[in-house]
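A quick write-up on the structure given underneath.
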Amino acid sequence: MHVLILGGTTEARALAALLHGEARVTSSLAGRVASPRLPDGEVRIGGFGGVDGLVDWIGGHAVDAVIDATHPFAERISFHAARAAATAHVPLLALRRPGWVPVAGDDWHPVASQKEAAAALDGLGDRVFLTTGRMGLAAFADRPEWFLIRSVDAPEAPVPGRAEILLDRGPFTLDGEREVLARHRIDVLVTKDSGGAATAPKLTAAREAGLPVVVVRRPPVPEGVPVAATPGEAAAWARER
């Protein structure tokens, strides 16, 4: 069996480790991170050239099943995968870590996009901890607030005029997030609902500090695509193909 994992996430690497040795596993990485953490098995880096390119790759490499284990906000590749898998007549599963859920003491401001997140900052504070990654920062470029922008790789322009770049990669600790908020005198946190434990400590630190959190809701999985919440569930699905 040949399983194609559309990866780049912690869950994708865990899934590749589970299936490695049982099946041929190819993990496809988008190539947006300069030094990605490579999974077990075969690895390809770069795009497929749209839906048609992915269909050709699936057929040309005798892929038996596709697992979309991309970031919850990688909406474009997820919809390409759904169309390509249907065209190529191979089964597709989406592996999605559960989203975050607010608890008592949280002051969350849910929004549908980074553009809405920028607009939601009005009146929330002047010092913003922006943890949405390096993509889409143009939505904040005209904002008057000061931003601490954390990402794995340096973002490209346009970015906010008043900003400091913090290059770092999770997982992050609660003590570390507390220190970041205090050292930079943060007033408000902006994040995407990525889910998982690796970047969740910032939410706890913001709750403890009484800070508002602007949360960008994740896009839906394409209609009709089954979803697994853990690498173990996804591996079990693949073994049944």
Side-chain angles (χ1 to χ4, degrees), residues 1-33 35-101 133 152 169-172 192-200 217-241:
M1 169 178 279
H2 185 190
V3 180
L4 172 63
I5 300 174
L6 305 176
T9 60
T10 301
E11 291 77 15
R13 290 190 295 275
L15 174 61
L18 289 173
L19 293 177
H20 184 57
E22 299 180 25
R24 179 185 175 191
V25 178
T26 300
S27 295
S28 178
L29 310 181
R32 291 179 177 173
V33 176
S35 300
R37 295 171 177 169
L38 298 181
D40 294 331
E42 301 173 35
V43 177
R44 68 172 303 280
I45 297 178
F48 291 95
V51 175
D52 291 342
L54 181 51
V55 170
D56 291 343
W57 202 95
I58 289 171
H61 293 80
V63 171
D64 298 293
V66 179
I67 299 178
D68 172 16
T70 56
H71 191 276
F73 283 83
E75 185 174 11
R76 184 176 183 181
I77 184 60
S78 294
F79 278 88
H80 283 186
R83 291 173 58 191
T87 301
H89 303 290
V90 297
L92 169 68
L93 176 77
L95 171 56
R96 292 289 184 272
R97 68 189 79 149
W100 292 318
V101 178
V152 176
R169 186 200 302 260
F172 301 103
K192 292 178 177 177
D193 179 16
S194 300
T199 60
R217 293 187 295 265
R218 59 174 62 178
V221 171
E223 186 175 355
V225 176
V227 179
T230 67
E233 292 177 15
W237 176 88
R239 295 181 184 115
E240 294 174 356
R241 297 309 102 192

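Computation of the quantities below employed the complete heavy-atom set of this structure, encompassing side-chain atoms and omitting hydrogens, waters and symmetry-equivalent molecules.
Within a 6.0 Å radius of CZ in Arg76, no more than 12 heavy atoms belonging to other residues, nucleotides or ligands are found. Atom CG of Asp56 is surrounded by more than 12 heavy atoms from other residues, nucleotides or ligands within 6.0 Å.
Smallest separation of non-hydrogen atoms from Ala85 and Leu92: CB-CB, 3.7 Å. When all heavy atoms of Pro72 and Ser194 are compared, the closest pair comes out as CG-O, 3.5 Å. Looking at every heavy atom in both residues, Leu93 comes nearest to Pro226 through CD1-O, 3.4 Å. Considering every non-hydrogen atom in both Gly7 and Ala12, the closest pair reads CA-CB, 3.5 Å. Considering every non-hydrogen atom in both Met1 and Ala23, the closest pair reads O-CB, 3.5 Å. Arg83 and Thr87 get closest at one heavy-atom pair: O-OG1, 2.8 Å.
Between Asp64 and Arg241 there is no side-chain heavy-atom pair separated by less than 4.5 Å. Within the 4.5 Å cutoff, no side-chain heavy atoms of Asp40 are placed close to those of Val25.
For the atom pair CH2 of Trp100 and NZ of Lys192, the computed distance is 11.0 Å after rounding to the nearest 0.5 Å. Atom NE2 of His61 and atom CZ of Arg44 lie 8.0 Å apart (nearest 0.5 Å). Here the straight-line distance linking atom CD1 of Ile5 with atom NE2 of His20 works out to 11.0 Å at 0.5 Å rounding.
Residue pairs that meet the salt bridge (charged side-chain N to carboxylate O under 4.0 Å, His left out) test with at least one member in residues 86-98, sequence neighbours left out, are Glu11-Arg97, Asp68-Arg96.
The backbone N or O of Leu6 sits nowhere less than 3.5 Å from a side-chain atom of Thr70 that would complete a donor-acceptor pair. The main-chain N or O of Leu38 is never found under 3.5 Å from a side-chain atom of Arg13 such that the two would form a donor-acceptor pair. Within the 3.5 Å criterion, the main-chain N or O of Thr26 finds no donor-acceptor partner in the side chain of Arg24. Between the side chain of His71 and the main chain of Phe73, a donor-acceptor pair closer than 3.5 Å is present. Remark: side-chain polar atoms of Arg169 are not paired, donor with acceptor, to backbone N or O of Phe172 under 3.5 angstrom. Side-chain N or O atoms of Asp193 include none that pairs as donor or acceptor with a backbone N or O of Arg217 at under 3.5 Å. Under the 3.5 Å distance criterion, the side-chain polar atoms of Trp237 are left unmatched by any main-chain donor or acceptor of Gly232.
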- Message: Between Val3 and Ile67, is the side chain to side chain contact (heavy atoms under 4.5 Å, CB included) condition met? List the steps.
- Response: CA-CA 7 Å; Val3 180; Ile67 299 178; 4.1 Å; yes

- Task: Check the pair Val90, Leu4 against side chain to side chain contact (heavy atoms under 4.5 Å, CB included), reporting the backbone distance first and the verdict last.
- Result: CA-CA 11 Å; Val90 297; Leu4 172 63; over 6 Å; no

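Between Trp57 and His2, the ring-plane angle classifies as tilted under the 30° and 60° cut-offs.
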